Amino acid sequence: MVVSGFIKDTFAASRLVKFSTDSRFINVDYSHHILLHIENPNGFTWNAVMRAHLACGSSREGEEIHTHVLKLGFGSDVFVLNTMINMYFVCGEMGNARKLFEEGAVLDSVSWNSILAGYVQMGDVEEATLIFKRMEEKNLIASNSMIALLGKAGRVGNACKLFDEMLVRDVVSWTAMVSCYEQNEMFEEALVMFSRMNGEGVSVDEVVLVSVISACSNLLAVREGKLIHGICIRNGIESYVNLHNALIHMYSSCREINESRKLFDSGQLLDQISWNSMISGYMKCGSIEEARKLFDSMPERDVVSWSAMISGYAQHDRFVETLELFNEMQRGEVRPDETTLVSVVSACAHLVALDQGKWTHAYIKKNNFEINSVLGTTLIDMYMKCGCVENALEVFYGMKERGVSSWNAIIVGLAVNGLVEESLEKFSEMSNHGVAPNEITFMGVEPNVKHYGCMVDLLGRAGLLEEAEELIGTMPMAPDVATWGALLGACKKHGDTKMGERVGRTLIELQPDHDGFHVLLSNIYASKGMWEDVIEVRGIMRHQGVMKTPGCSLIEADGVVHEFLAGDTAHPLMKDIDRMLDEVAVRLKMHGYAPATNEVSLDIDEEEKETSLYRHSEKLAIAFGIISIKPPTPIRIMKNLRICEDCHAAAKAISKVFEREIVVRDRHRFHHFRHGSCSCKDYW
DNA sequence: ATAGGGTTAG
């Protein structure tokens with residue numbers, strides 16, 4: 001369209017500008033061109049021009065026009081003002097937008113909504129909330145956008161409250177709530193919200209349907225999915241392509257891949273996402289060959305199509321095909337991206353294909369791919385599985401951002417490669433970096449609350465009491481008695497009365513009938529001369545009828561199981577055992593081992609301490625073992641509790657001096673003592 | 001005329 005001469009009709013000119021911005025041929029220059037030919041541009045015109053700048057995101061030229069607008073006196077046109085606010089925040093200049101807003105002589109509800117929308121789009125909850133609070137009239141649009149913002153910020157409670165307080169709600173308000181739940185992985189609540197919405201007779205649209213179908217996919221709720229599919233059909237919007245794709249995805253997530261295929265075959269409107277969804281659907285359902293057929297027949301393959309196939313092969317342990325397809329991909333036009341490479345590196349890790357792995361790493365570096373948290377973690381895993389600790393560390397140190405998985409990969413990898421100390425070092429480094437460990441951090445096998453217990457114990461023994469307590473605070477499950485017990489023991493050992501008291505009281509609450517914790521707490525008080533507290537704890541014990549159960553060890557000799565209790569003298573061979581204990585003491589002393597007289601026993605009363613030091617059940621059992629179990633059979637002792645520290649020292653000494661192998665099994669693991677050392681160095 | 005909600009593929 002050519003504009004010649006001046007346009008007298010301002011309205012027509014403005015429409016022309018608007019056309020240039022609304023049409024697909026957004027063109028700032030063209031709108032300027034028209035502007036030059038307009039005799040009397042009005043607010044409408046300037047607004048249209050501002051919109052052109054808004055659409056192009058060119059704030060510098062926008063500012064020029066802004067100045068011009070002010071000069072001509074259109075600064076007080078509220079439409080122009082609002083569009084300028086909008087333009088500035090689209091260009092990321094909230095400062096300018098805010099300045100306009102605060103200085104604006106005429107503000108209407110749209111101005112308020114616009115400035116609010118700016119902060120909402122930036123995700124700035126604090127500023128948005130301030131603006132929202134300042135609004136005299138909390139209109140529908142502002143409330144809706146606040147709900148969406150709160151949802152994205154994870155503040156579900158605040159979003160609900162706002163929603164409940166609204167006097168008028170429309171489909172957008174409900175959609176904001178549905179998606180608020182969804183984004184916070186509260187999928188059931190999202191469905192409930194949708195059915196409440198239906199109950200109130202609010203008419204649905206494709207936006208809310210797409211959102212709620214996604215909730216069904218996540219819940220694998222195919223029954224509800226089908227109901228919603230029916231709603232789509234009744235509303236005549238089932239062929240809306242996004243909705244169509246969401247349904248295809250929903251059915252394949254629920255393993256009804258044939259339903260997906262029906263939709264796929266019936267769809268007049270298929271896009272790239274439809275094809276890719278179908279392929280990944282087949283992969284998810286294990287129909288690898290069907291996925292391949294579809295892939296081979298695709299009119300156009302993008303990086304997602306390739307990645308879907310490559311990662312599908314990797315997820316089904318078809319690693320050779322993973323690498324083959326990746327090689328085929330490189331012969332074509334489509335470039336892989338970070339996600340593709342994760343699958344490839346992961347396949348290398350499983351195949352322990354170090355050469356291909358190294359090649360892929362080099363490829364990543366050469367092509368300047370960003371080694372993000374996921375890709376870096378996969379590389380670390382690959383190198384660790386191949387035993388290349390140095391390469392893994394190099395990747396680790398080169399990473400900009402490290403998630404908890406990255407730390408896990410390095411901690412577990414080091415441990416698996418036998419570098420236990422380095423692994424533990426990384427563990428404490430992880431805490432220093434403010435990354436909370438998860439279950440996997442505590443080894444690749446059977447991660448559970450016990451691993452926390454071990455780690456708390458380990459940290460506690462090293463005197464890192466605060467770290468140990470912090471670790472308990474980050475546990476994803478409720479800390480059990482053993483975990484708190486480990487920390488209490490550490491408090492006792494390192495003389496932290498304050499923490500010990502806190503932990504001891506927690507424990508007593510948790511398990512009021514446990515004898516050991518009462519005694520331990522009372523011992524902690526006793527060691528600090530806090531006699532009144534000692535008396536109180538002893539009083540609680542008496543009051544609750546808590547009896548101290550003695551420690552117990554079992555040992556088998558000639559097919560007979562012998563039981564020893566701490567302080568127990570009932571065994572028929574007790575005289576021999578006593579004699580042997582004396583001999584043990586003498587021989588140990590001869591070899592320079594000091595008798596453990598200054599060790600305070602953890603589970604024995606103060607007054608019993610003197611007499612029972614050598615009557616710990618394990619020590620009795622060891623003495624008995626030396627008498628009854630002929631070498632070279634190891635002396636095998638079973639403890640139903642954790643073996644205590646002075647016993648451990650004794651076992652080490654005895655294994656050396658008496659040249660006997662001793663195996664103690666507590667409820668966590670086996671402890672082997674040979675030639676004066678223990679197998680589990682990491683533990684003690 | 002200007003302001004609000006969403007999702008689907010690796």
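From a predicted model like this one, the values you see are computed outputs, not experimental measurements. The chains referred to below are lettered A, B, ... by the order of the sequence lines, with proteins before strands, and numbering in each begins at 1.
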In [range], what residues come within less than 4.0 Å of DNA chain B, judged by heavy atoms?
range	value
residues 272-289 of chain A	A:Ile273, A:Asn276, A:Ser277, A:Ser280
residues 233-250 of chain A	A:Tyr240, A:Asn242, A:Asn245, A:His249
residues 142-158 of chain A	A:Asn144, A:Ser145, A:Ala148, A:Lys152
residues 211-225 of chain A	A:Ser214

For [range], which residue pairs qualify under salt bridge (Lys or Arg N to Asp or Glu O under 4.0 Å), counting only residues two or more places apart or in two chains?
range	answer
residues 145-158 of chain A	A:Glu126-A:Arg155
residues 306-326 of chain A	A:Glu289-A:Arg318, A:Arg318-A:Glu321
residues 207-233 of chain A	A:Lys226-A:Glu256
residues 181-208 of chain A	none

Rounded to whole Å, how long is the line connecting atom [atom1] of [X] with atom [atom2] of [N]?
X	N	atom1	atom2	value
A:Phe264	B:dA9	CZ	P	15 Å
A:Ile257	B:dA9	CD1	P	13 Å
A:Phe369	B:dG10	CZ	P	19 Å
A:Leu270	B:dT8	CG	C1'	13 Å
A:Ile141	B:dT2	CD1	P	11 Å
A:Phe89	B:dA3	CZ	C1'	8 Å
A:Phe187	B:dG6	CZ	P	15 Å
A:Asp271	B:dT8	CG	P	14 Å

Options [options], nucleotide nearest the side-chain atoms of [X]:
X	options	answer
A:Ser179	B:dG10, B:dG6, B:dG4	B:dG6
A:Val171	B:dG5, B:dG6, B:dA3	B:dG5
A:Asp205	B:dT2, B:dG5, B:dG10	B:dG5
A:Ser307	B:dG6, B:dG10, B:dA9	B:dG10
A:Thr339	B:dG6, B:dG10, B:dG5	B:dG10
A:Leu140	B:dG4, B:dT2, B:dG10	B:dG4
A:Ala176	B:dG5, B:dA3, B:dT2	B:dG5

**Asked** Any side-chain heavy-atom pair from A:Asn144 and A:Arg169 closer than 4.5 angstrom?
**Response**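 A side-chain contact under 4.5 Å is absent here.
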
Heavy atoms only, 4.0 Å cut-off, all strands: where does [X] land among base, sugar-phosphate and nothing?
X	value
A:Ser305	nothing
A:Asn139	nothing
A:Val120	nothing

**Item:** Pair A:Glu290 + A:Lys284: basic N to acidic O under 4.0 Å
**Value:**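 Looking at A:Glu290 and A:Lys284, the cut-off is not met.
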
**Message:** Please determine whether any donor N or O and acceptor N or O are separated by less than 3.5 Å between the side chain of A:Asp170 and the base of B:dG4.
**Reply:**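 Indeed, a donor on one side and an acceptor on the other fall under 3.5 Å apart.
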
**Smallest separation among heavy atoms of A:Ser373 and A:Ser406, with atom names** =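 Answer, listing the atom of A:Ser373 first, then A:Ser406: OG-OG, 3.4 Å.
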
**Request:** Check whether any side-chain N or O of A:Ser214 sits under 3.5 Å from a backbone N or O of A:Val210 as a donor-acceptor pair, and report yes or no.
**Result:**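 No; zero donor-acceptor contacts below 3.5 Å.
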
**Asked** Would you find a donor on one side and an acceptor on the other, under 3.5 Å apart, between the side chain of A:Gln272 and the backbone of A:Glu300?
**Response**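 Confirmed, A:Gln272 side chain pairs with A:Glu300 backbone.
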
**Request:** Report yes if the distance between the aromatic ring centroids of A:Phe264 and A:His244 is under 6.0 Å, otherwise no.
**Result:**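 Centroid separation for A:Phe264 and A:His244: 6.0 Å or greater.
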
Short side-chain N/O contact from [X] to OP1 or OP2 of [N], under 4.0 Å:
X	N	value
A:Gln183	B:dT7	yes
A:Asn86	B:dA3	yes
A:Ser114	B:dA3	no
A:Gln121	B:dG4	yes

**Message:** According to salt bridge (Lys or Arg N to Asp or Glu O under 4.0 Å), who are the partners of A:Asp265, at least two apart in sequence or on a separate chain?
**Reply:**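 Expected list: A:Arg261.
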
**Verdict with supporting geometry, A:Glu127 and A:Arg98, salt bridge (charged side-chain N to carboxylate O under 4.0 Å, His left out)** = CA-CA 11 Å; A:Glu127 276 304 324; A:Arg98 184 61 178 263; 3.0 Å; yes

**Prompt:** Of all residues at least two apart in sequence or in a different chain, which pass the side-chain contact (heavy atoms from CB on, under 4.5 Å) check with A:Thr360?
**Reply:**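 For A:Thr360, the residues satisfying side-chain contact (heavy atoms from CB on, under 4.5 Å) (neighbours in sequence not counted) are A:Leu341, A:Val344, A:Val345, A:Cys348, A:Gln356, A:Ile364.
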
**Prompt:** Under 6.0 Å from the CG atom of A:Asp355, do we count more than 12 heavy atoms belonging to anything else shown?
**Reply:**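 No, the 6.0 Å shell around CG holds no more than 12 heavy atoms from other groups.
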
**Item:** Residues in side-chain hydrogen bond (donor to acceptor under 3.5 Å, both in side chains) contact with A:Lys365, at least two apart in sequence or another chain
**Value:**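 Residues passing side-chain hydrogen bond (donor to acceptor under 3.5 Å, both in side chains) with A:Lys365: none at all.
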
**Prompt:** What pairs with A:Asn82 under side-chain hydrogen bond (donor to acceptor under 3.5 Å, both in side chains), at least two apart in sequence or on another chain?
**Reply:**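 Listed in chain order: A:Asp108, A:Ser111.
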
